[in-house]
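All values reported here derive from a predicted model rather than from experimental measurement. Within every chain, numbering begins at 1; the chains are lettered A, B, ... in the order of the sequence lines, protein sequences first and strands thereafter.
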Number of protein chains: 2
Amino acid sequence: MDAFERLTRYGIKPSVQRMAIMEYLMTHRTHPTADEVYMALCGSMPTLSKTTVYNTLKLFVDQQAAQMLTIDEKNAHFDGDTSLHSHFLCRRCGRVHDLPYSGKKREARELLIEGHAVEEIHHYYKGICKECHEKENQN
Amino acid sequence: MDAFERLTRYGIKPSVQRMAIMEYLMTHRTHPTADEVYMALCGSMPTLSKTTVYNTLKLFVDQQAAQMLTIDEKNAHFDGDTSLHSHFLCRRCGRVHDLPYSGKKREARELLIEGHAVEEIHHYYKGICKECHEKENQN
DNA sequence: GATTAAAAATGTAATGATTACAAATTTGAA
DNA sequence: TTCAAATTTGTAATCATTACATTTTTAATC
């Protein structure tokens, strides 16, 4: 599925900017921040505005074509993969890695947990990632 | 256990301000923001500075006497309960509720998940809380 | 009690991510 | 082509958090 198809599937009217941003999210599974998306695209789209990036990412989240990760208190990260999975934030390199969802499968189907209507599940883990750990111990 | 004992147990030298902030966290399980802690205490401690609240909460987190929740993209929330449990953010009233930890018990004891060294686990759920849900449906 | 150095608290100013808003541009239907 | 709606853009504001310099407190020593 390409960016165009994904946008229309989520009820988002395609535009050059929206296509470029969705394309970036789909091809870069790095959970970028709004600023990282802007920096990556402004070279090939000189007129792109940072406001547009913020607005567009917000639109994607509202339409559930992407999710916003609040794993990092510094700034929001965005993930074009809306399937149920977990995330790991490395406090050394700052990258966000994917992890398989390890919660109870039952839970993911539940609408109510302790009486609360659950609409989003975020499982975050923080520490030192594999790559950073190996880099330190190879000396 | 009182605030004084809790501070010393975590290697934090007690002071009037630190005691007051820890006391507040221990008696108010509302997961307050730094600003909420400040607003609650500045009445009885007129000289209290907001910077002190920020510094002190950061100290608590560093010493693992409290945890910072990044469940809310607007601002950080703080929890004096460092035991393993989950959190629910209501997008209606904005409150953060406690939930029992529902992840695999195995996972909580693991140091490594997919090769990454896990130091913190945060399980966040978002939606409409029980109280807000009941309030809407009683009309 | 006086002295003093370290620790802690304070107030103000900066930072920086995000949002508000108004103007400019683009789109698509008529 | 015309025109209104949607989208994009740039700038200015907002606001949580942090940096930093100053003041105050603490606690040890004389």
Side-chain angles (χ1 to χ4, degrees), chain A residues 3-4 7-8 10-24 31-63 65-78 89 91 94 96, chain B residues 3-4 7-8 10-24 31-63 65-78 89 91 94 96:
Chain A
F4 180 90
L7 288 181
T8 51
Y10 282 96
I12 299 166
K13 199 195 290 185
S15 72
V16 175
Q17 291 85 348
R18 290 172 181 177
M19 295 265 289
I21 294 171
M22 178 54 81
E23 176 73 22
Y24 186 82
H31 315 90
T33 64
D35 192 65
E36 285 167 351
V37 172
Y38 172 75
M39 285 304 179
L41 297 179
C42 68
S44 53
M45 296 184 71
T47 68
L48 182 65
S49 158
K50 197 176 275 189
T51 297
T52 298
V53 175
Y54 274 102
N55 289 343
T56 302
L57 289 170
K58 186 180 193 319
L59 176 68
F60 290 178
V61 172
D62 288 346
Q63 300 291 78
Q67 62 175 322
M68 176 193 291
L69 307 182
T70 61
I71 194 172
D72 175 4
E73 73 265 27
K74 293 296 175 191
N75 37 36
H77 291 251
F78 294 88
L89 172 68
R91 56 164 111 275
V96 175
Chain B
F4 179 90
L7 288 181
T8 52
Y10 281 96
I12 299 167
K13 198 196 290 185
S15 72
V16 175
Q17 292 84 349
R18 290 172 180 178
M19 295 267 287
I21 294 171
M22 179 53 82
E23 175 74 22
Y24 187 82
H31 316 89
T33 63
D35 191 66
E36 285 168 350
V37 173
Y38 172 75
M39 284 305 178
L41 297 180
C42 69
S44 54
M45 296 184 72
T47 69
L48 182 65
S49 158
K50 197 175 276 190
T51 298
T52 299
V53 175
Y54 274 101
N55 288 344
T56 302
L57 288 170
K58 186 179 192 320
L59 176 69
F60 289 178
V61 171
D62 288 345
Q63 300 290 68
Q67 63 175 322
M68 177 193 290
L69 308 181
T70 62
I71 194 173
D72 176 4
E73 73 264 28
K74 293 297 175 188
N75 37 37
H77 290 251
F78 294 88
L89 172 68
R91 57 164 110 272
V96 176

Can you tell me the distance, in whole Å, between the CG atom of B:Leu59 and the C1' atom of C:dT10?
16 Å

Reading nucleotides 3-17 of chain D from the 5' end, what letters show protein touch, with B for base, S for backbone sugar-phosphate only, - for no heavy atom under 4.0 Å?
---SSSBBB----SB

Rounded to whole Å, how long is the line connecting atom CE of B:Met19 with atom P of C:dA8?
15 Å

Starting at atom CD1 of B:Ile21, determine the distance to atom C1' of C:dT10, rounded to an integer number of angstrom.
13 Å

What pair of heavy atoms forms the shortest contact from A:Thr70 to B:Ile71, and how long is it?
OG1-O, 3.8 Å

Taken to the nearest whole Å, NZ/A:Lys58 to P/C:dT18 is 13 Å

With B:Tyr38, which residues qualify under ring-ring contact (aromatic ring centres under 6.0 Å, His included), at least two apart?
none

Who pairs with B:Asp72 by side chain to side chain contact (heavy atoms under 4.5 Å, CB included), at least two apart in sequence or on another chain?
B:Lys74, B:Asn75, B:His77, B:Leu89

note: B:Phe60, atom CZ; C:dA8, atom P; distance rounded to Å ~ 12 Å

Go through the structure and list residues passing ring-ring contact (aromatic ring centres under 6.0 Å, His included) with A:Tyr54, not counting sequence neighbours.
none

Taking salt bridge (charged side-chain N to carboxylate O under 4.0 Å, His left out) as the cut-off, I'd like each qualifying pair that reaches into residues 40-51 of chain A, sequence neighbours left out, listed once.
A:Asp35-A:Lys50

Residues forming a salt bridge (Lys or Arg N to Asp or Glu O under 4.0 Å) with A:Lys13, sequence neighbours excluded:
none

